[in-house]
Amino acid sequence: MVKLTEVEDEHFAHEKPQPSKHNVLLVSDDEDEDYTDTESEISVESEYDLESETLYDRLYALKDIVPPSARLQVNSSVSYVTSLAKSSIAFSGKALWILSTSAFLLGVPWALAYAEEEQYIQMEREQGMIKGANEVCRARSSYITR
């Protein structure tokens, strides 16, 4: 069986650090006051003009908030959607071209033939009506002469 024993460092054996603000071990409280954010680029006394900032500038500045993996995923999703939209628009345009040219090549001759057939039918009706009217006139004239 293994027995564990705690070995204390000589430096900490003489003085034990005391937790300070927010249970954080600090050598002194003065270090907390000296802390500055070195990554901040805009200070309180900055001469940056917020009025001249565009929406694009604000959105571009938010880029650093989103992690790179999430940005990559969003970028690939947007690329996929735009690629899908472009290919579907291209396919729709080609299909519309095929349908319209087919309609002109097949539909126009069919429409002309249909109109010609309708004219023949109309002429036959007119001739039938004239023939019927002539027969009625002949029947009346023969009835009157009797």
Q: List for me each residue that meets side chain to side chain donor-acceptor pair (under 3.5 Å) alongside Arg125, sequence neighbours excluded, and say none if there are none.
A: none

Q: Using the test side chain to side chain contact (heavy atoms under 4.5 Å, CB included), find all partners of Lys63 that sit at least two apart in sequence or belong to another chain.
A: Tyr60, Arg71

Q: Using the rule that two of Ile, Leu, Val, Met, Phe, Trp, Tyr join whenever any of their side-chain heavy atoms come within less than 4.5 Å, decide whether Leu106 and Trp97 are in one cluster.
A: no

Q.
Can you give me the closest heavy-atom contact between Thr101 and Ile98, atom names plus distance?
A. OG1-O, 3.1 Å

Q) For the hydrophobic clusters of this structure (ILVMFWY residues joined by side-chain heavy atoms under 4.5 Å, transitively), does one cluster hold both Leu55 and Ile65? A) yes

Q: State whether a side-chain donor-acceptor pair under 3.5 Å links Tyr120 with Glu124.
A: no

Q: State the CD-CD1 distance between Gln127 and Ile130, to the nearest 0.5 angstrom.
A: 7.0 Å

Validation: residues 79-92 side-chain donor-acceptor distances under 3.5 Å, sequence neighbours left out:
unit_1 : atom_1 : unit_2 : atom_2 : d
Ser79  : OG     : Asn75  : O      : 2.9
Thr82  : OG1    : Val78  : O      : 3.0
Thr82  : OG1    : Ser79  : O      : 2.9
Ser87  : OG     : Ser83  : O      : 3.1
Ser87  : OG     : Leu84  : O      : 3.0
Ser88  : OG     : Leu84  : O      : 3.1
Ser88  : OG     : Ala85  : O      : 2.9
Ser92  : OG     : Ser88  : O      : 2.8

